[in-house]
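Here's the structure, in structure tokens; my notes come after.
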Amino acid sequence: MSRLARTAGLTDVQQEILSTVRNFVDKEIIPVATGLEHRDEYPTDIVEGLKELGLFGLMIPEEYGGLGESLLTYALCVEEIARGWMSVSGIINTHFIVAYMLKQHGTQEQKDTFLPRMALGEVRGAFSMSEPALGSDVSAISSKGVREGDEYVLDGQKMWLTNGGSSTLVAVLCRSDEGHPEGTAPHKSMTTFLVEKEAGFGEVRPGLTIPGKIDKMGYKGVDTTELIMDGLRIPANRVLGGTTGRGFYQMMDGVEVGRVNVAARGCGVAQRAFELGVSYAQQRETFGKPIAQHQAIQFKLAEMGTKVEAAHAMMVNAARKKDSGERNDLEAGMAKYLASEYCKEVVEDAFRIHGGYGFSKEYEIERLYREAPMLLIGEGTAEIQKMIIGRRLLEEYRLEG
Ligand SMILES: Cc1cc2nc3c(=O)[nH]c(=O)nc-3n(C[C@H](O)[C@H](O)[C@H](O)COP(=O)(O)OP(=O)(O)OC[C@H]3O[C@@H](n4cnc5c(N)ncnc54)[C@H](O)[C@@H]3O)c2cc1C
């Protein structure tokens, strides 16, 4: 077990889950990850293994067939999985956010319908806020849901759906003006619709098309897609929570736990980069000694190890804060910001330690180098995290009078 990124105070159950996941990552993910990634191939066998481990239901309450575990347990599992291959953590992340939103905000009927099958991984979730013209500025969403009798008719185009093709349940954020007079703040006139569909590409349901996979520089294997709604009819009981106008808050709640998750991914990728760097530095010799014996390289390793440790501590703090029932947007924003920036820096240093070989596709660090930038963008860019952190700090440190 690694000396870095240990977590004090875990229960026996948490330790057992983590050790099982770590074993799975070492045996079933790391040996095949780079090959699958280079072929942009969906990791079907790995996903089946995750189902068997119960990871799709890790945080779903036991009454719905899940393991009922905390956000901390979940985040530590994600860290382990991302250490093996970040794309695999992406496969469970949007599923986890949708399950979390259902648990927190769903009607009883919605929970009973979806959560038991989500816990088994039979129903798989994706969540969709972004559109071609917007990502950071969610208030500018233009996709629309209009009520017609017992249904809503959805129109619009969505962008960047992680698991857009493989999922069978998509939480889609749309503007829905019904009951919200003109002039209502944009975030008060948005609704989350629970859209069921077939897995795959093309017209997966009348009025709903998933055109195909977006070709990406990294984060391959997991499918990222557009979603086009053209007169898509959704029964009124598929409004998340049963009431319109709450979608923005529901999505932001989901994104908040998602941020801890992205921080955990950054921690996992950085750990793997450190492992690769520290190992290579002891094998490669220049000027008559292993490069690890040159102080410049040792300093790099020292900085990398410190960053791995600091990011892990902040991520664990943010998860524990949420688990305690307290508001954690400040801690989650800080953890996401720091872990993703540090991840990029640790990966860059490990890449440099590899010299020319880091540029070869034969070395794992090449894959990590293409994966790390995604963490600077997903679940809110670094600039957006800093806006959240700045606003919250000014709230906390407001001058009296
Ligand atoms: C691989 C991948 C998977 C994704 N998966 C999903 C998903 O599953 N579901 C989903 O809904 N979305 C998903 N996204 C979308 C992602 O959330 C957005 O890309 C992200 O929020 C940024 O939005 P944008 O790309 O529109 O950039 P923009 O919002 O256009 O921002 C462009 C630049 O301007 C900066 N900027 C924007 N506003 C400000 C401001 N006010 N002040 C300072 N700087 C600012 C940004 O930080 C960024 O640097 C995914 C994206 C990628 C790349």
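All ligand and atom numbering here is 1-based and tracks the order in the structure.
Atom 19 (O) of ligand 1 has its closest protein heavy atom at Ile377 CG2, 3.6 Å. For atom 9 (N) of ligand 1, the closest non-hydrogen atom on the protein side is Phe127 O, 3.0 Å. Given atom 43 (C) of ligand 1, the protein heavy atom at minimum distance is Glu383 CB, 4.0 Å. Of all protein heavy atoms, the one lying nearest to atom 22 (C) of ligand 1 is Thr381 CG2, 3.8 Å. The nearest heavy-atom contact from the protein to atom 6 (C) of ligand 1 is Trp160 O, 2.6 Å. Among all non-hydrogen protein atoms, the one lying nearest atom 41 (N) of ligand 1 is Met387 SD, 3.5 Å.
Counting heavy atoms from C-beta on, the side chains of Phe24 and Ile81 never come closer than 4.5 Å.
For a threshold of 3.5 Å applied to N or O pairs, the pair formed by Gly135 and ligand 1 contains at least one separation below that value. By the 3.5 Å distance cut-off applied to N or O atoms, Met374 is not counted among the residues near ligand 1. In terms of polar-atom proximity, defined here as any N/O pair under 3.5 Å, Thr162 does make such a contact with ligand 1.
Taking the side-chain contact (heavy atoms from CB on, under 4.5 Å) definition, one finds that Ala99 meets it with Ile60, Leu115, Met118, sequence neighbours left out.
For the 3.5 Å distance criterion, the side chains of Ser87 and Glu37 fail to qualify, holding no donor opposite an acceptor.
The residue among Ala126, Ser130, Ser136 with a heavy atom at the shortest distance from atom 37 (C) of ligand 1 is Ser136.
Listed by first and then second residue, the side chain to side chain donor-acceptor pair (under 3.5 Å) pairs that reach into residues 65-74 are Gln14-Thr73, Glu69-Thr73, Ser70-Thr73, Tyr74-Asn261, sequence neighbours excluded.
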